[in-house]
There are 2 protein chains.
Amino acid sequence: MSLRFGMLGLLCYQDMSGYELKKTFDTSLQFMWNTKTSQIYRELQRMEEQNHVTSSVEVQDKKFDRKVYSITNRGRDAFHEWVNKFPKNLIAPIRDEFIIRVFFGEQIEANNLTFEIQRFKKQQEEELETILFIEKEAEKSAVEERLEDSLFYWLLTIKRAKKGIIAEIDWANEALELIKNKGREEQ
Amino acid sequence: MSLRFGMLGLLCYQDMSGYELKKTFDTSLQFMWNTKTSQIYRELQRMEEQNHVTSSVEVQDKKFDRKVYSITNRGRDAFHEWVNKFPKNLIAPIRDEFIIRVFFGEQIEANNLTFEIQRFKKQQEEELETILFIEKEAEKSAVEERLEDSLFYWLLTIKRAKKGIIAEIDWANEALELIKNKGREEQ
DNA sequence: AAGTTATATATAACTTGTTGAATATAAATT
DNA sequence: AATTTATATTCAACAAGTTATATATAACTT
């Protein structure tokens, strides 16, 4: 259900098509909820069936028609209820196939693990750059669209994402060091 | 597929029933891959169909029969291939409904957000205790079952989990402070 | 003695998420 | 001029994950 409410939350800011919703997801909720475009479209259909949103087709000359979705009062109520009612367990379920492989590390060929942890570290560093970019964008759009009240909360979530990534990079450095020393001892 | 390979990895250590597999998951892979018992049983069926495991029913007097699964050579090969072939993208997808709510924080009633972040912090602190317990258990069973080679990698993943949790607690403290100050300014 | 909780096993129904493909235009590149 | 890439929309098939339920014994609590 969280996908639905993430979408409803974004539709509170403004009306959007499925495509725009996906793009907005990618520059805001991306680091708290992953989703594929196909899932967005399917969910929009269901949301329309359940009157959480309405759609209107906007005819554009030469281009595709845009199907633009608006949140309904019913949708707003449902969102408001959801956002105020937190689940019992606040720790997010984890599904991380990288670290499972590390767990079974004695079955990984010697240099392969080092190589993959280095790659992991690089990807986390890139992710940090992405977050920094998103932070700037958030600040810009808060001013442009008069969403200064929202910005405070956006920045809270960005701060958390940053800390998480820094912890990953920190771990990767320590892990690489430990593996190097282990190799040395075993000579 | 990662669930399957997590299960195969554990079955490399020893034969187990579905119930035991779930319990082992909960004290080892729990903080990298969540799963429900029902999923374990269904996956075992499929794994048997595809000859990654075989089962034999162990009759016990008075108690339920135990259906004990063993990894096959085919299963071992499949696992070995999987554990050595890392995915292109090493960053795990995230699905965290707690932090989405924080993102839309201006729609949360005043004291509710503070209350929920405090609850989040407490749950993370408990999770840290759990990890510490798992760490001790890992060290114990490594000695008892002569899995000292594995222990090194287990501890790597535990180290990572710890760092992640500490980052969460750290964020929660900062967030609570920021929210307190924000409230003060707005008076 | 009765009720509850933990252990132990498993299936069915449902919901959610992923993969891959189909369709079509505009803009950029070779 | 032809090809590729980006924009834009959607659906069908499949895989994975969740919820609810059923069964049964042992151990513990009231």
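Just so it is clear: chains get the letters A, B, ... in the order the sequence lines come, proteins before strands, and each one is counted from 1.
- Using cut-offs of 30° and 60° on the angle between ring planes, the pair A/F5 and A/W82 is parallel.
- Pairs engaging residues 98-112 of chain B under the salt bridge (charged side-chain N to carboxylate O under 4.0 Å, His left out) rule: B/E97-B/R101 [sequence neighbours left out].
- For A/Y13 and A/W154, the ring centers are positioned less than 6.0 Å apart.
- Using a 4.5 Å heavy-atom threshold, the side chains of B/H80 and B/N84 count as touching.
- Within residues 13-24 of chain A, the residues approaching DNA chain D are A/S17, A/Y19, A/K23, by heavy-atom distance under 4.0 Å.
- In this structure, OH of A/Y69 is placed 16 Å from P of D/dA8, rounded to the nearest angstrom.
- The stretch residues 36-45 of chain B touches DNA chain D through B/K36, B/S38, B/Q39, B/R42, each having a heavy atom under 4.0 angstrom from the strand.
- The separation between B/M7 atom CE and D/dA16 atom C1' is 13 Å, rounded to whole Å.
- Fit an axis to the five pairs at each end of the helix from C/dA1-D/dT30 to C/dT30-D/dA1 and the two axes sit 30° apart, to the nearest 10 degrees.
- A ring-centre distance under 6.0 Å is not found for B/Y153 and A/F104.
- Between A/M1 atom CE and C/dC14 atom P there is a gap of 15 Å when expressed in whole angstrom units.
- Closest approach to the B/L3 side chain among D/dG17, C/dG17, C/dT16 is made by D/dG17 (side chain taken as heavy atoms from C-beta onward).
- Residue B/R4 is out of contact with every strand shown, counting any heavy-atom pair closer than 4.0 Å.
- For the pair A/E48 CD and D/dT10 P, the interatomic distance rounds to 10 Å; values are reported in whole Å.
- Considering only residues two or more places apart in sequence or on other chains, A/D15 meets the side-chain hydrogen bond (donor to acceptor under 3.5 Å, both in side chains) condition with A/S70.
- Salt bridge A/K162/A/E135: present, at least one basic N to carboxylate O contact under 4.0 Å.
- In this structure, a donor-acceptor pair under 3.5 Å is present between the side chains of B/E145 and B/Q14.
- Between A/R95 atom CZ and C/dT18 atom P the separation is 10 Å, expressed in whole Å.
- Taking atom CZ of B/F5 as the reference point, atom P of D/dA15 lies 14 Å away to the nearest angstrom.
- D/dA8 atom C1' lies 18 Å from atom CZ of A/F25, rounded to whole Å.
- When the salt bridge (charged side-chain N to carboxylate O under 4.0 Å, His left out) test is applied to A/K140, the partners found at least two apart in sequence or on another chain are A/E137.
- Between A/W33 and B/F98, the ring center distance fails the sub-6.0 Å criterion.
- What separates CG of B/D96 from C1' of C/dG17 is a distance of 17 Å, to the nearest Å.
- Of the candidates B/L3, B/N34, B/T37, B/F25 forms a side-chain contact (heavy atoms from CB on, under 4.5 Å) with just one, namely B/L3.
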